[in-house]
2 protein chains.
Amino acid sequence: MAAAAAVSISTASKALNDTGRMGSETRERVKRIAAEIGYRPNALARGLLSKRSFTIGLLTNDTYGRFTLPVMAGISDALVDHGVSVFLCAIEDDPALAQIHVDAMLDKQVDGIIATGKRLDRRLPVDLSNLHVPVVYAFTEGTQNSVTFRSDDEQGARLAVEWLVKIGRRRIAHITGPEDFFSVRERAGAYHEVAGHREPVLYGVWSENWGHEAVEQLWKRPGEKPDALFCGNDQIARGAVDGLRERGVKVPQDVSVIGFDNWEIVAAQTRPPLTTVDMELKELGRQAGLTVLALAEGRPVEPGVRKLPCRLIVRQSCGGKAPTE
Amino acid sequence: MAAAAAVSISTASKALNDTGRMGSETRERVKRIAAEIGYRPNALARGLLSKRSFTIGLLTNDTYGRFTLPVMAGISDALVDHGVSVFLCAIEDDPALAQIHVDAMLDKQVDGIIATGKRLDRRLPVDLSNLHVPVVYAFTEGTQNSVTFRSDDEQGARLAVEWLVKIGRRRIAHITGPEDFFSVRERAGAYHEVAGHREPVLYGVWSENWGHEAVEQLWKRPGEKPDALFCGNDQIARGAVDGLRERGVKVPQDVSVIGFDNWEIVAAQTRPPLTTVDMELKELGRQAGLTVLALAEGRPVEPGVRKLPCRLIVRQSCGGKAPTE
DNA sequence: GTGACCTGAGAAAAGCTTTTACCAATCTCT
DNA sequence: AGAGATTGGTAAAAGCTTTTCTCAGGTCAC
């Protein structure tokens with residue numbers, strides 16, 4: 001301990017924390033010696049007293065990490081400056097496992113918990129509503145009076161469809177995921193609002209195969225073909241692009257294709273690279289992190305659902321040119 | 001505190017920990033009351049005394065999580081039963097950020113650190129060799145006298161090429177990533193050993209585009225074409241499959257394609273789904289977790305590099321049938 | 001010169017558990 | 001019945017910081 005190395009005992013604490021009264025010469029000396037011997041205070045002892053562990057828990061049921069990783073990156077990015085570390089707990093939709101992790105985190109006196117998931121309209125399989133630590137929900141459904149962050153899928157979908165309209169497309173079809181997803185309904189709603197009801201909405205699953213198959217369905221129908229496809233996610237878009245290529249339809253010359261999610265590994269590797277909608281999950285994580293920190297510090301936070309705007313990522317699958325800013 | 005609720009003070013501790021001497025009736029009563037009021041001991045206080053925080057840190061520079069997530073899942077899986085939680089620290093190849101995270105973890109008295117990355121032949125940008133907590137390396141290069149877990153890429157590549165040979169392929173080409181990757185050289189070595197030197201090795205980058213382009217190069221050459229492609233990862237394999245399809249070459253009838261990594265999102269969604277080599281990263285994580293725990297508990301662990309065997313995942317891109325087991 | 005004030009630093013308590021030491025009361029055995 | 005052993009439980013210390021209290025010595029003013 002620094003006390004032994006220097007001269008006193010609790011004076012060291014005051015010296016290092018720039019608190020209390022003491023001679024500036026003593027203060028400097030203690031600091032210097034502490035630096036020399038590489039002294040670092042024990043966060044456990046500090047936490048025991050201050051009731052702050054500078055630790056939060058991130059609970060997720062998103063095994064693949066598609067949504068969790070960007071959120072995690074945002075949280076970490078926002079909180080590392082505040083000395084906060086993050087426990088990552090992956091709970092495969094297993095209530096018992098979830099409870100174990102929550103208990104472990106509470107035992108370790110986390111300052112707060114962020115719950116995140118893979119869909120906006122599902123709860124995590126564990127009740128976090130009556131904990132004595134603050135809970136913030138990010139990209140998963142929260143409880144009454146909680147703070148919840150989510151992407152504004154309606155605005156994102158509008159962004160996509162308006163872009164297609166702007167570059168001159170008129171027969172815009174929508175190929176998307178299962179209708180029981182809230183985001184699917186919300187995106188489809190925005191699609192109808194902007195594009196009208198001239199083309200059908202094809203509900204299916206979140207896979208490339210479905211995108212491929214949906215193109216087949218569309219092109220087998222008699223009559224005019226769509227000149228644009230707004231896809232519910234990037235995987236569907238990729239399948240659609242493949243399907244179009246196999247039919248000899250050129251993307252983006254004949255048909256514009258737009259995705260959703262900006263999952264780089266899919267969107268950027270598709271040929272042509274996909275124009276798509278980014279849900280700004282990192283920013284979402286950042287805000288969730290700052291919010292849970294605020295709550296932990298007792299600062300007031302208005303409860304409610306906060307919708308964060310999406311952003312259009314223009315690549316080459318639509319033609320058109322990047323928006324002039 | 002349970003002491004208040006029941007009768008005594010430190011007797012509670014002994015009751016709950018099944019330690020010390022006391023009347024079984026008292027013990028049961030304390031336990032019952034503790035359960036009733038939902039008492040849970042403060043892990044910070046416990047850790048302060050026992051010098052064990054039941055917390056470890058996972059340090060990674062693999063932003064995308066392609067390798068980290070399975071490893072993390074394995075670690076968590078192995079350690080959750082022991083009450084150990086995991087700090088996840090993503091350090092984007094930024095030495096300063098890495099140091100901040102390491103310091104934060106040490107302050108929080110982690111019982112150990114697992115370092116993981118995205119390549120076997122690179123170090124993390126931070127020195128972990130003289131910490132006073134045990135460090136285990138997983139899927140990243142370790143230091144002298146450390147414990148390092150890695151996949152056996154040579155064995156994995158052999159598995160792949162032997163499979164191609166077994167199903168009757170003879171002209172097997174190898175399309176892979178940059179030659180400066182250790183795993184690339186190791187896989188290529190095994191390829192040469194099993195397949196001979198009849199077909200070239202094409203070094204490139206880890207992208208679909210490269211797989212696509214490599215097929216073009218191969219098929220533009222005069223003479224007989226390969227009847228099988230062993231690809232350095234699944235993305236290259238996917239690009240190759242696309243390239244073959246565009247040339248009218250049937251997979252797997254005309255050419256077998258085999259990937260590496262078993263990145264489900266790529267391998268399972270390719271048409272046809274890719275036969276590929278799984279590096280068993282979850283198992284790798286599990287072993288790394290158990291090892292760091294053993295070291296933290298002072299149990300002796302032999303230093304050195306442990307190579308974990310890969311497993312062949314048979315899907316449809318090679319033809320042949322699943323191995324009879 | 002003496003009382004009020006200030007300054008620099010140490011002592012002690014608190015935060016929560018676990019462990020060791022200890023004490024009083026009850027048993028056991030001859 | 002009394003010495004020694006056992007039993008059931010409490011008191012106290014330790015682990016590391018931070019914070020509040022206290023105190024000795026010096027300074028200043030009158």
Side-chain angles (χ1 to χ4, degrees), chain A residues 1-35 37-55 83-85 103-111 132-133 296-298, chain B residues 1-35 37-55 83 85 103-111 132-133 296-297:
Chain A
M1 186 182 4
V7 279
S8 59
I9 175 159
S10 65
T11 305
S13 175
K14 294 192 294 191
L16 296 176
N17 294 330
D18 279 327
T19 176
R21 294 183 318 217
M22 62 195 314
S24 59
E25 164 226 8
T26 311
R27 175 155 289 165
E28 289 311 318
R29 182 165 43 89
V30 172
K31 281 185 179 178
R32 183 170 46 76
I33 294 188
I37 67 172
Y39 168 77
R40 310 215 94 224
N42 182 323
L44 262 45
R46 174 180 281 163
L48 191 56
L49 191 54
S50 68
K51 304 292 202 174
R52 288 284 315 278
S53 64
F54 290 89
T55 289
V84 175
S85 306
D103 288 344
M105 292 194 297
L106 294 177
D107 289 353
K108 282 161 189 150
Q109 313 293 119
V110 291
D111 295 334
H132 58 279
V133 298
E297 289 171 351
Chain B
M1 171 157 43
V7 279
S8 58
I9 175 161
S10 64
T11 306
S13 174
K14 294 194 296 190
L16 297 176
N17 294 329
D18 280 327
T19 177
R21 293 182 320 215
M22 62 195 313
S24 59
E25 165 227 7
T26 310
R27 174 155 287 162
E28 289 311 317
R29 183 165 42 89
V30 172
K31 280 186 178 177
R32 183 171 45 76
I33 295 186
I37 67 173
Y39 167 79
R40 310 215 95 224
N42 181 323
L44 262 45
R46 174 180 280 164
L48 191 56
L49 191 54
S50 69
K51 305 294 204 172
R52 287 284 316 277
S53 64
F54 289 90
T55 289
S85 306
D103 287 345
M105 293 194 296
L106 293 177
D107 288 354
K108 282 158 189 152
Q109 314 293 120
V110 291
D111 295 334
H132 59 280
V133 298
E297 289 172 351

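Just so it is clear: chains get the letters A, B, ... in the order the sequence lines come, proteins before strands, and each one is counted from 1. As the structure is a computational prediction, the values presented were derived from the model and not from experiment.
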Going by side chain to side chain donor-acceptor pair (under 3.5 Å), name the residues that satisfy it together with B/K14, two or more places apart in sequence or in a different chain. none
Got a sec, which residues hit side-chain contact (heavy atoms from CB on, under 4.5 Å) with B/S13, two or more places apart in sequence or on another chain? B/N17
For A/R52, answer base if it contacts any base atom (sugar-phosphate contacts may also be present), sugar-phosphate if it contacts only those atoms, and nothing otherwise; contact means non-hydrogen atoms under 4.0 Å. nothing
Residues which pass side chain to side chain donor-acceptor pair (under 3.5 Å) with A/S85, listed by chain and number, not counting sequence neighbours: B/K108
Whole-Å distance between D/dG8 C1' and B/D18 CG? 16 Å
For B/N42 and D/dG15, what is the distance between atoms CG and C1' respectively, to the nearest whole Å? 13 Å
Output for pair (A/K31 NZ, A/D18 CG), nearest 0.5 Å, gives 3.5 Å
Divergence of helical axes at both termini of the helix from C/dG1-D/dC30 to C/dT30-D/dA1 - five pairs an end, 10° steps: 50°
Both B/E25 and B/K51 contact DNA chain D. Taking the nearest nucleotide for each, which residue is further toward the 5' end? B/E25
Nearest-Å distance, CG (A/L44) to C1' (D/dT18)? 15 Å
What integer distance in Å separates A/L48:CG from C/dA14:C1'? 9 Å
Please write out each protein N/O paired with an N/O of nucleotides 18-28 of chain C under 3.5 Å, distance rounded to 0.1 Å.
from	atom 1	to	atom 2	distance (Å)
C/dT18	OP1	B/R46	NE	2.9
C/dT18	OP1	B/R46	NH2	2.6
C/dT18	OP2	B/S13	OG	3.0
C/dT18	OP2	B/N17	ND2	3.4

Can you name the closest pair of heavy atoms from A/V110 and A/S53 and give their distance? CA-OG, 3.6 Å
Starting at atom CZ of B/R27, determine the distance to atom P of D/dG9, rounded to an integer number of angstrom. 10 Å
Residues that B/N42 engages under side-chain contact (heavy atoms from CB on, under 4.5 Å), provided they are two or more places apart: A/L48, A/Q109, B/L44, B/A45
Contacts of A/R52 meeting salt bridge (charged side-chain N to carboxylate O under 4.0 Å, His left out) (sequence neighbours excluded), chain-then-number -> A/D111, A/E297
CZ/B/F54 to CG/A/D107 distance, rounded to the nearest 0.5 angstrom? 11.0 Å
